[in-house]
Number of protein chains: 2
Amino acid sequence: MKRRTASAPTSVAPAPAAAPPESGARRQILDAAAYLLRNRGYEAATTRAIATAVGIKGGSIYHHFPSKDAIVGEVVNEGVRVVYDAVEKALNALPTRAPPRRRLEAAIKAHLLSSLEHSNYTSASIRAFAFLPDSVRKGCRIERRRYEALWTQLVSELYQAGLIDPNISPESVRLLLLGALNWAGEWYRPERMGIDDIARDFAASILRAK
Amino acid sequence: MKRRTASAPTSVAPAPAAAPPESGARRQILDAAAYLLRNRGYEAATTRAIATAVGIKGGSIYHHFPSKDAIVGEVVNEGVRVVYDAVEKALNALPTRAPPRRRLEAAIKAHLLSSLEHSNYTSASIRAFAFLPDSVRKGCRIERRRYEALWTQLVSELYQAGLIDPNISPESVRLLLLGALNWAGEWYRPERMGIDDIARDFAASILRAK
DNA sequence: CGCACTCCCTAGCGCTTGTTAGGTTACGCG
DNA sequence: CGCGTAACCTAACAAGCGCTAGGGAGTGCG
């Protein structure tokens with residue numbers, strides 16, 4: 001009974017990062033949990049379902065994680081970290097002194113790409129967050145605040161550039177924008193409208209015509 | 001053992017509507033289910049939890065409803081109907097030929113009031129919808145489409161009034177707006193910002209300065 | 001070889017889920 | 001009074017949940 005699952009060779013230094021080798025199975029469990037959390041929610045992401053998706057039996061999960069909530073917590077936290085990195089990277093890739101509206105478009109696009117196409121972790125941390133147990137939610141408050149701060153900063157740039165009516169509260173603008181982005185997972189169908197188009201329209205919608 | 005639960009008198013024509021008397025208990029069950037669906041999601045809204053909230057035992061639910069999903073379906077459907085009615089009523093209460101931006105503000109305010117303050121049914125149908133079983137979701141597709149159509153109409157009025165850049169897709173504007181509104185339940189705290197303020201800011205954000 | 005360790009399995013614990021069958025109580029009506 | 005029915009309860013069913021104890025392969029190292 002060989003239960004090899006296309007594993008990487010363990011002999012020739014397979015770990016490119018500084019972190020511990022991650023063991024393969026751990027990553028697979030997190031991936032499966034992220035997928036289930038995204039598509040079916042917290043309660044439906046059972047330990048047995050996760051195990052089956054990985055190709056092991058229910059009890060074996062506990063060799064890699066101390067509890068279900070530890071898995072969920074790790075997924076949600078990584079989800080926020082992934083969008084954060086994606087948006088930050090997209091902004092840094094822009095030429096210095098790029099106009100704020102370009103920066104906004106790039107940030108929107110990066111957020112949507114993460115949550116809709118690239119990462120089950122990000123979409124899981126958005127969609128499943130509402131009904132997570134409090135213990136898990138507390139575990140990613142700092143990460144979430146950090147991400148919010150990134151957008152607060154971005155929005156304030158828009159005000160300074162005169163692209164938003166100063167009578168509107170910046171808090172409102174940030175909540176409007178992030179709300180619309182986070183909800184996109186509920187209606188997005190790639191064949192109907194591309195992410196580039198959505199990002200352009202969303203950015204244009206909240207900016208004053210120059 | 002008197003299990004009277006502050007019931008209305010059944011002798012002097014208690015039913016003001018044309019619908020059947022609704023029996024009291026039925027309504028209480030739906031109310032409890034809506035509350036649990038809003039605050040803890042589909043799986044946590046167990047038949048026993050609903051029954052306990054009403055003051056009866058788990059099995060007795062099935063005297064009033066054929067299944068859990070029948071309850072959930074009814075709650076979600078009513079939730080959409082309630083926002084629809086609220087928005088429609090708010091629009092009709094406006095003076096004829098009220099400016100489109102006033103109509104937008106009124107619609108936003110009505111949606112937020114329903115989903116944040118007035119109706120557990122509406123907030124349940126928004127928050128819990130994502131992970132509902134497919135059978136339940138299909139049961140309120142018509143109602144949801146009808147509500148979307150209302151907003152499509154409203155957005156098109158804004159375009160005709162020249163309040164939105166015609167280069168932006170109307171579909172994008174509707175999705176941006178409804179997304180932001182539906183997500184508001186995740187961050188809204190009445191002591192931080194009033195619904196009137198949110199509605200004004202949201203409306204102003206997507207309208208071109210006149 | 002023997003030991004330690006990683007990885008996984010089997011079997012089951014105690015509990016909860018949606019749902020049902022059958023019985024009990026209370027009340028309105030003829 | 002007697003009957004029917006609505007409203008509720010008890011008790012249980014099979015299934016599923018998170019989680020654990022204990023065991024058995026395989027591997028690397030001394």
Side-chain angles (χ1 to χ4, degrees), chain A residues 1-15 20-29 32-33 36-37 40-73 75 131-133 135-136, chain B residues 1-15 20-30 32-33 36-37 40-75 131-133 135-136:
Chain A
M1 186 190 304
K2 49 202 66 171
R3 59 180 78 93
R4 204 127 298 280
T5 47
S7 71
T10 52
S11 50
V12 282
E22 187 66 284
S23 92
R26 246 187 91 89
R27 190 57 327 152
Q28 287 183 43
I29 289 171
L36 286 168
L37 280 172
R40 324 230 295 108
Y42 175 76
E43 323 256 359
T46 67
T47 55
R48 283 184 242 269
I50 295 171
T52 300
V54 177
I56 62 180
K57 294 302 172 66
S60 307
I61 289 276
Y62 291 83
H63 180 71
H64 303 279
F65 293 93
S67 72
K68 168 180 173 174
D69 283 355
I71 304 177
V72 175
V75 166
F131 300 127
L132 253 33
S135 55
V136 177
Chain B
M1 183 190 301
K2 48 202 67 170
R3 59 179 76 95
R4 203 125 300 280
T5 46
S7 72
T10 51
S11 50
V12 281
E22 186 67 285
S23 92
R26 246 188 90 90
R27 189 58 329 150
Q28 287 184 43
I29 290 172
L30 291 171
L36 286 168
L37 278 172
R40 323 231 293 109
Y42 174 77
E43 324 256 0
T46 67
T47 56
R48 283 176 176 82
I50 295 170
T52 300
V54 177
I56 63 180
K57 294 302 173 66
S60 307
I61 290 277
Y62 290 82
H63 181 72
H64 303 279
F65 293 91
S67 72
K68 168 178 173 174
D69 283 355
I71 304 177
V72 175
E74 213 158 304
V75 167
F131 301 126
L132 253 33
S135 55
V136 178

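Each chain gets a letter, A, B and so on, in the order the sequences are listed, and its residues count up from 1.
- Rounding to whole angstrom units, CD of residue A/Gln28 and C1' of C/dC8 are separated by 13 Å.
- Separating the CG atom of A/Asp69 from the C1' atom of D/dC19 is a distance of 12 Å, rounded to the nearest angstrom.
- Remark: A/Lys57 is not in phosphate contact with C/dC8, judged by side-chain N or O atoms under 4.0 Å from OP1 or OP2.
- Nucleic acid contact class of A/Thr46 (heavy atoms, under 4.0 Å, all strands): sugar-phosphate only.
- Within the 4.0 Å cut-off from OP1 or OP2 of D/dC8, at least one side-chain nitrogen or oxygen of B/His64 is found.
- When rounded to the nearest whole Å, the span between CD1 of B/Ile71 and C1' of C/dT17 equals 14 Å.
- The residue among A/His63 and A/Gly59 whose nearest nucleotide of DNA chain C is located toward the 5' end is A/His63.
- Across B/Ile71, B/Val72, B/Ile50, a single residue satisfies side chain to side chain contact (heavy atoms under 4.5 Å, CB included) together with B/Phe65, and that is B/Ile71.
- Exactly one of B/Arg26, B/Lys68, B/Arg27 qualifies for a salt bridge (Lys or Arg N to Asp or Glu O under 4.0 Å) with B/Glu74. That residue is B/Arg26.
- One can place CD1 of A/Ile29 at 14 Å from P of D/dG18, the figure rounded to the nearest angstrom.
- Distances were taken from every side-chain heavy atom of A/Tyr62 (C-beta onward) to each of C/dC8, C/dT19, D/dC19; the shortest belongs to D/dC19.
- Whole-Å rounding puts the A/Arg48 CZ to D/dA15 P distance at 14 Å.
- To the nearest 0.5 Å, the span separating OH on B/Tyr42 from CG on B/Asp69 amounts to 3.5 Å.
- Of the candidates C/dC8, C/dT19, D/dC9, C/dT19 carries the atom nearest the B/Lys68 side chain, counting heavy atoms from C-beta on.
- In terms of position along DNA chain D, the nucleotide closest to A/Ala44 lies nearer the 5' end than the nucleotide closest to the other residue of the pair A/Ala44 and A/Ser60.
- A/Ala44 and B/Glu43 get closest at one heavy-atom pair: CB-OE2, 3.9 Å.
- One interatomic measurement links the two molecules: CZ of A/Arg40 to C1' of D/dG16, which rounds to 13 Å at whole-angstrom precision.
- The two residues B/Ile61 and B/Ile56 make their nearest non-hydrogen contact at N-CD1, 4.2 Å.
- Atom CD of B/Glu43 is separated from atom C1' of D/dA15 by 14 Å (rounded to the nearest Å).
- Atom pair A/Ile50:CD1 and D/dG16:C1' shows a separation of 15 Å (rounding to whole Å applied).
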